[in-house]
Every structure is written in C-alpha cells, then in structure tokens.
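Treat the numbers as computed from the prediction; the structure is a model and nothing was measured.
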Amino acid sequence: MAFHDGLTTVQQILLAIVCFPLLPFYLCYLCFADREESKGESDTHSRVEEGKGQATARQPRSAIVTSETHYNEQQSAVVSEPDQGNHITVEIHPRQTTSHIEKESSFNKGIRVFPHLRGQDNKGFQDDGDQGPSFPQGQDLHGHTHNGVQRPVITCEPDQGFQDYEDEQLSLPDEPDLYGSPKPYAYPWDKSSLKSMSIDLEQFKKLDAYASKVNVTSSVKDLVSVLLQEAHSDLEKLRAIWMWICCHIEYDVKGYHDTSSTSCKPEDVLRSRKSVCSGYAKLFEQMCSIAQIHCKELSGYSKGLSYKPGHVFKETNHAWNAVFLHGRWHLLDSTWGSGFADDSCTKFTFRYNEFYFLTHPALFINDHFPEEQEWQFLKPHLTLQQFEQNAHFRSDFFAMGLVAATPATTVMQTENGKATVFVESRSPALFLCNLNKEKGHCLMTLKKNGMKVEVYPPQTGIHSFQLFSKLSQDTKESYSLVLDYSLKCSSVDKSLSLPKDLIQPVGPSWLAEQAGILKASPPGPIIHTDDGRCVVTFMRTKDLSFFATLESDNSRLPEDMRRRHIWKTCRGNQAELKVHLPHAGHFALLIWASKPSDSGSHQCALSYLVSCPNKSVKWPVFPQCFANWEEDYELVAPLAGVLPANCQVPFKFKLPGIFHVNIQCGGKTLPLTLSEAGFWEGACNTSGGGKVVVTASKNSSSSFWYLLEYQVEAC
C-alpha cells in the first residue's frame with residue numbers, strides 16, 4: 001500500500017502543502033495509479049458484456065456515447081457471430097474506429113465528458129444489403145433503407161405533368177452567378193454536363209436505331225428479350241428500354257381527360273401503345289425488372305401541361321422513374337422524353353427529348369418534385385414551397401447551353417415600371433422575348449456570355465413574360481421556349497416608349513460583329529439626346545454595304561423622308577452616321593448590312609433606341625442624295641437639306657476623283673474651287689430659285705452628274 005493511502009484527506013492536504021516543491025511528482029504518481037485501476041475495471045466490464053447473449057445482438061451501442069455527441073442519428077450496421085456458446089456483438093463504424101471511442105469513453109471514476117465527433121457519421125457509406133436511395137457523389141440518405149422506404153402509390157389519374165410545347169416552336173449552385181445574384185440553395189454540379197453520370201451518346205447510335213425499330217407486342221417479357229439481344233451492359237439495357245418506350249408509346253390525350261378510358265397496366269400499355277404518365281412509368285419499371293435493373297416508379301408534382309408561373313400545387317400530378325445504376329440512383333422521365341401535347345391536350349406529337357434521360361438531379365428538380373423528398377437526391381432537400389417559387393427552366397434552357405437566370409423566382413415584380421432579367425450562357429445564343437405573347441415592350445442587349453432584357457409593361461397588373469432561345473449557329477431552327485415568368489407591375493414607366501419596329505437585340509453585340517459591324521459607338525443600347533442630334537460610328541469589314549432607317553410610332557413622316565434624317569459617311573473601313581431627329585420622341589435607328597455572300601439581301605445588324613424629350617426639336621432633312629454620290633464622298637456644309645432664302649450659303653465637299661464641281665441655283669451655274677486641303681469650296685446666293693443642285697464631272701468633258709439637291713425656303 002502506498003504511503004498516502006494510510007492518511008486522511010486532511011492529512012494528505014497538509015502533507016501536500018508541506019511538500020509543495022514535490023507536488024508535480026506526486027500528481028504524476030496519482031494519475032499512474034488511477035490508470036492502472038481503470039484498466040482492471042475495463043477488463044471486468046468486457047467479460048460481463050460478453051455473456052449478455054442475443055438480447056443485445058442487433059442494437060446500436062448507445063449506452064456508452066450519450067446523445068450529446070450526436071453519434072446515434074443513424075444506426076450502425078451490426079454483425080453477430082457465435083463464440084463457444086456465447087454471443088459476441090461487433091459494431092461496424094465505417095471511417096471511424098471503435099478503439100478511439102472506447103478509449104475516450106472508458107468507465108473511469110468521476111465525471112467523463114464525451115467529445116463531439118466532427119464530420120458526418122458514415123458519410124458516403126452504404127451497406128451492400130441496403131438498396132435504398134443514395135446521393136450522387138457518394139452521399140447516402142441517413143436513416144433510409146430499402147425496406148423502410150414506403151413505395152409511392154401511383155393511380156391512373158389525369159396528370160398535369162405532361163410537358164407543353166405547343167406555343168414554343170436549378171436549383172443551381174449556391175454561389176453568385178455572372179450578375180451577382182445568389183442561388184436559392186446549394187448543390188455542386190458540373191455545368192458542362194446535363195447528366196447524372198458521364199456517358200457518350202455516340203456509343204448508343206447503333207443501339208438506338210435498333211431499339212426504335214423493334215416491334216414486339218406479344219408480351220412485355222418477349223419485348224425485353226428482343227431488346228436485350230443488342231444490349232449487354234446495364235447501361236445499354238436501360239438505354240434500349242428507354243428508347244423503345246420513347247419511340248413507341250404515345251401519350252393518351254383522351255385518357256388525360258377521361259381516366260376511365262385508359263389503363264396504366266404494362267400489358268395494356270404495350271397492347272394499345274398509348275397511356276398517361278403512370279402507364280409510361282409502370283411499363284418502364286416492369287421492363288427494367290425483367291432486365292434485372294433496379295427501378296422505382298415515383299410520383300410527385302411537375303411543371304408541365306397547364307402549368308402557369310406562380311401555381312400552388314395541391315396534389316400530385318405526374319409520375320416518372322428512378323433507376324439504380326453503377327452504385328447510384330438516377331432519374332428519368334420517359335413521358336416527357338417521348339414528345340409533347342398541344343395546349344388543350346387534344347393532340348400528341350412524337351419529339352424525342354434526350355434531356356430527360358439520366359438527368360442531373362440539380363436540373364431535374366426544376367420541373368419535377370417527388371412526393372418523398374429523399375428521391376430528389378439533393379442536399380439539402382428542396383421544399384415544395386421553394387419548388388413553386390423557383391423560376392421555371394424548360395429543358396431547352398440547358399440544352400441550349402444556358403446556365404443560370406436572374407431573378408431565380410417564377411414571379412418577378414417591376415421596380416419603377418421596369419423589370420430586368422439576366423441569363424448566363426456558356427456560348428453565344430440568340431433570344432426572343434414576348435410580353436403577354438406579343439412582341440414589344442422589351443429592350444434586350446446581347447453578350448457573348450449571356451443577355452440582359454429590360455421589360456416595360458404598358459399597364460399595371462399581372463403579365464406573362466416568356467423568353468425564347470436558339471443556338472447561334474442554327475440558321476433554320478425555330479426558337480424554343482426556355483423560361484417564363486409571371487410579372488407583377490405596380491407602376492408604369494411613361495418616360496420610355498419602345499417603338500414597335502425596334503429590332504432586338506439593341507446596341508452593339510457579338511451578333512453585330514458577326515454581321516460585319518465592329519467597335520460600334522455608343523456602346524449602350526439607348527442614345528439620349530436633348531438637342532435631337534447624335535452620331536453613331538463603327539468599323540466595318542471589307543466589302544460590307546449598309547444603310548440605315550429611322551422608325552417611330554408617333555411620326556407622320558413617310559419612310560423616305562425619315563431616311564433623309566440620317567447622313568452616311570465612309571472613310572475606308574470607318575463609318576459614321578449623323579442623325580438629326582425631325583421631332584421629339586423615341587426612335588428606332590436600324591442599321592441594315594449585307595456582305596457579298598448574302599446575295600444583296602440586307603439584314604438588321606445593329607439597332608439603337610434614340611430618345612429625345614425636348615419638344616422644341618425640329619431638324620430639317622439632309623439634302624437629297626443621288627446614286628452618283630459615292631460612299632467615300634464627304635459633305636461638310638451645308639448639312640441642312642432646306643436652305644434659307646435670299647442668303648449667301650457656303651458649300652464645302654470632299655469628293656475624291658472629281659474633276660469639276662458646279663452649283664446650279666436660279667438658272668446660274670457657279671463652279672467650286674479645289675483647296676490645298678482637298679475640299680471643293682464656294683458659295684451661292686439663294687435668291688434666285690426654289691432649289692439648289694450640286695453637279696460634278698470626273699473628267700474634262702462637258703458631262704456632269706447630279707450629286708445632291710437642296711430645297712430653298714419660300715420667301
């Protein structure tokens with residue numbers, strides 16, 4: 001027995017005070033003795049636990065680690081083995097050894113504080129016997145197993161989930177997008193891929209052609225047997241089943257309106273070759289089962305047929321599938337992959353949609369919300385309210401290479417009479433927009449990495465805004481609906497009126513550069529002028545021909561007179577347009593361009609909105625220009641096409657290659673002289689007639705051609 005064991009507590013304290021210099025050595029001795037004692041007790045406790053038998057065979061070890069550690073949020077797998085008549089319980093903790101926990105929580109005397117375990121318990125672990133849903137990137141669903149998940153009940157009811165394309169011809173990562181707007185929730189995904197797994201669609205080319213031509217109606221089993229003759233891996237089997245259904249099963253538009261007229265049983269769907277969404281999902285599930293692919297039919301809410309932005313879901317309206325492939329669950333919708341129905345769901349059109357095959361969960365959630373949230377395969381889960389409020393991204397939004405949009409809510413509101421939408425894209429794309437299914441009231445600017453559109457509703461209330469897009473290289477394809485909003489307008493901006501003939505996009509863009517107009521200035525889409533005058537400059541590519549027009553909703557001037565309010569000057573590849581507005585208001589300045597390869601046809605390459613609020617503005621037209629006036633000629637004075645009467649008016653031109661220049665006024669012909677600076681200069685008195693004509697000759701002959709004509713004001 002140690003010396004201190006024979007002393008009382010008071011004696012031990014007095015001894016410690018007297019022997020204070022030796023206190024550190026004494027404390028070390030106490031710790032060593034306590035450790036040896038605990039070791040003996042722990043061995044005794046292990047022998048007691050060994051004899052408890054099967055009463056504790058499959059229970060998680062929760063008596064040692066308290067709830068404060070948050071360790072038992074998910075039960076660990078337990079394996080039991082007999083040992084000479086005694087039952088031994090062994091707990092398996094992936095990525096966490098039990099030795100560390102037992103050491104920290106051993107039964108010593110006194111109070112023990114259990115450390116909080118850092119990280120996520122069993123993150124990425126999935127028991128081989130558990131076929132429940134697992135998250136992409138190795139994350140599993142805590143507490144959910146195959147036996148514990150209640151199977152969704154799908155009834156053959158009219159589904160609102162069928163995608164509507166008749167009027168057409170994410171959430172995203174929780175990081176600021178191109179325009180600094182945060183996303184509603186976080187989910188890491190590769191923006192370069194739309195799939196939940198990496199696949200090369202080219203490898204399916206032969207298989208797709210085979211599956212689309214298979215024609216077996218005897219039984220579902222016989223059909224799958226024929227399909228699998230050309231499919232070997234599970235992925236190929238899944239693809240063959242998917243392609244056959246998308247190519248052969250027609251959406252039952254009659255069954256959509258009358259549920260009693262259709263059957264969702266796989267055998268009936270195969271025989272009739274038509275069904276509603278539940279029939280698609282049930283047939284897909286049975287075919288996968290025959291092919292030994294784990295598949296589930298899911299039910300939930302969808303933004304499909306008859307959906308309008310801002311809709312609040314009351315009951316489930318759609319069915320689709322989840323398949324377990326390569327150790328993970330994946331999502332697909334063969335109903336929406338097969339085609340689309342018209343607005344009233346009276347006609348179905350086959351149009352294959354690749355997007356809904358193994359769609360990435362972060363994209364699938366845009367229009368599919370499962371009844372059981374774990375089948376989202378997202379962390380964190382999205383709520384139904386978030387699903388309702390999130391912007392409705394159509395499948396073509398991502399197929400076009402578009403990445404994100406702001407606002408990210410399906411309902412947006414105007415601020416001071418204006419609403420703004422930003423779209424981010426990975427590559428150049430073309431856009432069109434409609435307000436209440438009509439063109440106008442929108443000001444769109446185009447960038448290589450996206451676009452911005454400002455919407456100016458003409459009246460207060462709730463409006464429908466739709467955005468259409470197509471790939472920039474597609475010259476024949478029509479635009480597809482990619483995004484739609486419900487727009488609430490509380491006030492109207494009466495200071496800005498967009499002309500109906502304003503062609504989108506407005507302002508300089510990559511599209512203008514592609515047409516041959518480079519480095520255009522001003523750089524913005526709107527030109528504000530208080531005195532009614534402005535200048536547009538740009539560089540043009542070689543051999544580009546162009547002209548400009550001026551359009552206005554409230555101008556009574558005919559088109560030919562409006563064009564005379566624009567004066568064009570070219571100096572090599574530098575171009576300049578002088579604009580003198582006839583009156584105040586909002587005008588569309590349209591620049592039409594044509595390359596030699598365009599066979600003479602001109603397309604609008606650049607447009608501006610010219611705004612002048614000054615009602616006192618009233619500029620006359622520029623002089624009338626004849627065909628002999630060439631692009632490299634330069635008019636310095638006079639710019640006004642209407643000259644004052646009884647005045648001495650100076651004239652100044654730069655006319656390369658011209659030999660003689662004359663001014664004809666009041667029956668008189670006055671020659672101009674060529675200055676050392678290269679300008680033809682002179683003056684004439686306007687008292688002699690109603691018009692002044694400028695003529696020129698390119699050689700010493702007496703032949704002169706009309707260049708310009710001016711009008712003289714009446715006295």
Side-chain angles (χ1 to χ4, degrees), residues 77 94-95 120 122-142 144-149 151-152 170 187-208 210-211 224 227-246 280-281 283-298 320-334 336-337 353-365 368 370 372-379 381 395 398:
R95 301 186 184 181
Q120 201 171 18
N122 290 349
K123 183 177 181 181
F125 174 76
Q126 182 172 342
D127 187 4
D128 293 338
D130 180 8
Q131 296 298 321
S134 61
F135 284 109
Q137 301 179 354
Q139 295 181 355
D140 62 330
L141 286 173
H142 294 285
H144 294 282
T145 62
H146 171 60
N147 294 329
V149 175
R151 187 184 183 89
L170 288 175
Y187 191 80
W189 63 288
D190 181 5
K191 294 183 179 181
S192 66
S193 175
L194 309 183
K195 304 293 186 181
S196 56
M197 63 182 296
S198 179
I199 57 175
D200 180 10
L201 294 179
E202 286 296 321
Q203 67 177 310
F204 297 134
K205 191 173 182 179
K206 182 179 179 181
L207 180 62
D208 289 350
Y210 170 78
V224 174
L227 286 174
L228 298 190
Q229 291 178 8
E230 296 294 329
H232 306 289
S233 67
D234 285 348
L235 178 59
E236 290 179 346
K237 295 176 183 178
L238 179 69
R239 181 70 179 191
I241 294 171
W242 158 269
M243 186 57 63
W244 189 91
I245 291 180
C246 289
Y280 277 85
L283 176 61
F284 198 98
E285 182 182 37
Q286 182 167 328
M287 292 178 71
C288 284
S289 177
I290 296 172
Q292 296 183 350
I293 297 175
H294 195 182
C295 176
K296 285 183 177 295
E297 177 187 358
L298 304 179
W320 58 93
N321 295 98
V323 294
F324 193 79
L325 196 66
H326 293 185
R328 290 163 49 191
W329 285 97
H330 303 269
L331 298 166
L332 43 79
D333 186 343
S334 57
W336 289 14
N353 193 338
E354 176 64 40
F355 179 80
Y356 291 103
F357 178 72
L358 304 181
T359 315
H360 197 291
L363 308 184
F364 202 76
I365 196 64
H368 290 70
E372 298 181 50
Q373 291 186 342
E374 60 266 25
W375 294 99
Q376 297 177 17
F377 307 127
L378 298 176
K379 293 286 283 186
H381 292 151
S395 62
F398 302 102

TODO: Look at the rings of W242 and F284 and say which category their plane angle falls in: under 30° parallel, 30 to 60° tilted, over 60° perpendicular.
DONE: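 It falls in the perpendicular class, over 60°.
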
TODO: Name the orientation class of the two ring planes belonging to Y356 and W336 (parallel below 30°, tilted from 30 to 60°, perpendicular beyond 60°).
DONE: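 Geometry flag for W336 against Y356: perpendicular rings.
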
Gap between atom [atom2] of [Y] and atom [atom1] of [X] - 0.5 Å precision:
{"X": "L194", "Y": "F355", "atom1": "CG", "atom2": "CZ", "result": "6.0 Å"}
{"X": "D234", "Y": "Q292", "atom1": "CG", "atom2": "CD", "result": "8.5 Å"}
{"X": "I241", "Y": "I293", "atom1": "CD1", "atom2": "CD1", "result": "5.0 Å"}
{"X": "Q376", "Y": "W329", "atom1": "CD", "atom2": "CH2", "result": "16.0 Å"}
{"X": "H360", "Y": "I365", "atom1": "NE2", "atom2": "CD1", "result": "12.5 Å"}
{"X": "R239", "Y": "L332", "atom1": "CZ", "atom2": "CG", "result": "10.5 Å"}

So, the side chain of [X] versus the backbone of [Y]: is there a donor-acceptor pair under 3.5 Å, distance only?
{"X": "H330", "Y": "L325", "result": "yes"}
{"X": "R328", "Y": "S196", "result": "yes"}
{"X": "K195", "Y": "F357", "result": "yes"}

Task: Pairwise side-chain hydrogen bond (donor to acceptor under 3.5 Å, both in side chains) hits with a residue in residues 197-207, at least two apart - done: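 Every pair satisfying side-chain hydrogen bond (donor to acceptor under 3.5 Å, both in side chains) with a residue in residues 197-207: there are none.
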
Which atom pair, heavy atoms only, marks the closest approach of [X] to [Y]?
{"X": "A240", "Y": "A231", "answer": "CB-CB, 4.5 Å"}
{"X": "E285", "Y": "C295", "answer": "OE2-O, 3.5 Å"}
{"X": "A322", "Y": "L298", "answer": "CB-CD1, 3.8 Å"}
{"X": "Y210", "Y": "L227", "answer": "CE2-O, 3.7 Å"}
{"X": "C288", "Y": "L238", "answer": "SG-CD1, 3.9 Å"}

Task: Check against side-chain contact (heavy atoms from CB on, under 4.5 Å), F377 and F364 - done: CA-CA 10 Å; F377 307 127; F364 202 76; over 6 Å; no

TODO: Could you pull out all residues at least two apart from N321 that satisfy side-chain hydrogen bond (donor to acceptor under 3.5 Å, both in side chains)?
DONE: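 Partners of N321 under the side-chain hydrogen bond (donor to acceptor under 3.5 Å, both in side chains) test: none.
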
- [ ] Could I get the full list of side-chain hydrogen bond (donor to acceptor under 3.5 Å, both in side chains) partners for Q373, not counting sequence neighbours?
- [x]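 Per chain and number, Q373 pairs via side-chain hydrogen bond (donor to acceptor under 3.5 Å, both in side chains) with no residue.
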
- [ ] For the residue pair M243 and L207, establish whether any side-chain heavy-atom pair is separated by less than 4.5 Å.
- [x]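 Side chain of M243 against side chain of L207, heavy atoms only: no contact under 4.5 Å found.
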
TODO: Could you give me the CA-CA distance, side-chain angles and deciding distance for H368 and L331, then say whether side-chain contact (heavy atoms from CB on, under 4.5 Å) is met?
DONE: CA-CA 10 Å; H368 290 70; L331 298 166; over 6 Å; no

